[in-house]
Amino acid sequence: MNRAGLFVPLGVFVIIAGFLYAGFSLEDPHRLPSALVGQPFPEFDLPLLANADERATTQRLAGRTVLVNVWATWCPTCRAEHHELLRISDEAGLPIIGINYKDNPAAAREWLTRYGNPYEFNIIDADGRLGVDLGVYGAPESFIVDGDGTIVYKRVGEVNRRVWNNEMKPLLARLEALDDG
Amino acid sequence: MVERWFAMLLLGVVATAWGQGAIDAYEFDDALQETRYRDLIAEFRCPKCLNTNLAGSDAPIARDLRRAVHRLVLEGLDDPAIRAHLQARYGDFVLYDPPVRTDTLLLWLAPIALLIGAAAAIAHMARRRAVTRLDADDLARVERLLDERAGSESPLGSESPPRPRSAPGPRSAP
């Protein structure tokens with residue numbers, strides 16, 4: 001009997017264990033890898049939440065770095081991240097554009113009056129069409145869009161202090177350094 | 001008899017309706033568009049659900065995507081363009097068949113590699129089994145050794161290490 005042959009099952013086991021290890025250390029399987037990072041922000045022309053007679057287009061984002069936040073009053077996690085958005089708009093001075101996603105506009109306006117308004121302006125995506133263009137599959141979702149209109153970051157789920165400190169803030173600092181350089 | 005046939009037909013219709021997760025009332029210009037729409041929503045995976053297609057999901061996002069597919073079909077996009085449209089927004093996740101790329105090559109090649117490995121293993125085992133089959137010379141030698149062993153209770157000389165007396169019969173000699 002060939003002694004080396006004895007180690008074949010061990011080798012097979014190590015390979016299988018390796019794949020299982022990699023498979024189980026993947027992040028939450030519900031989290032989709034974002035297809036949109038590095039892509040231009042999709043074109044839109046949608047009514048404003050504050051005044052549905054007025055419309056906003058993609059032009060309103062141009063020339064600066066903004067945080068685009070997809071939210072709705074039916075979304076409990078949106079409520080949870082709301083105070084962090086308020087803090088970001090206050091302290092970090094980052095403009096936040098809201099996309100009120102498949103929501104009741106009256107309820108959304110009331111929400112902003114009651115909990116405070118971190119948004120520079122809100123657009124109404126009543127049927128979720130811009131949501132589809134943004135690859136949204138659950139609110140809240142947040143995007144950082146740079147001055148060229150390119151999506152440089154996407155976050156599915158709550159933006160909290162940890163996400164801000166560990167991911168968004170360093171990224172914004174890098175963008176700023178690029179602009180200065 | 002007729003009644004029974006009718007009952008089975010009815011059951012079939014009802015079961016088919018239940019099998020569909022969601023039915024939207026969409027209008028199409030022609031039957032081909034509708035067929036394409038049905039095939040496409042059966043083909044895409046709902047982003048919110050881990051293993052349900054768009055056709056079978058009640059999730060609001062699946063409804064939005066069905067609406068998007070319907071719109072794109074009406075706008076005259078062909079199937080590859082619609083696939084690209086959804087893939088650009090929701091990534092490979094929405095496709096049940098991942099595209100062949102360098103980072104997905106393993107996914108596509110692993111089954112073939114496993115098949116080849118299994119075939120090689122089976123061939124190897126078959127060959128080993130073939131080697132243990134003895135030809136006439138081997139048989140003669142076995143006979144001779146057994147005879148020698150039967151003649152003297154001593155071990156098999158230089159051909160094998162000495163073994164304890166309690167060891168099972170000479171058949172266990174290599």
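Chain identifiers are assigned alphabetically (A, B, ...) following the order of the sequence lines, protein sequences preceding nucleic acid strands; residue numbering begins at 1 within each chain.
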Region of [X] that comes under 4.5 Å of a non-hydrogen atom in chain A:
X	result
B/Leu114	neither
B/Ala68	side chain
B/His124	neither
B/Arg71	side chain

* To do: Quick one: do B/Phe28 and B/Tyr37 satisfy ring-ring contact (aromatic ring centres under 6.0 Å, His included)? Show the steps, please.
  => CA-CA 9 Å; B/Phe28 297 89; B/Tyr37 167 79; 5.2 Å; yes
* Distance under 6.0 Å and angle within 45° of ring axis: B/Arg66 vs B/Tyr26 -> no
* Closest non-hydrogen atom pair between A/Leu86 and A/Gly116, with its separation -> CD2-C, 3.9 Å
* To do: Give me the ring orientation class for A/Trp71 and A/Tyr119: parallel if the planes are under 30° apart, tilted from 30 to 60°, perpendicular past 60°.
  => parallel
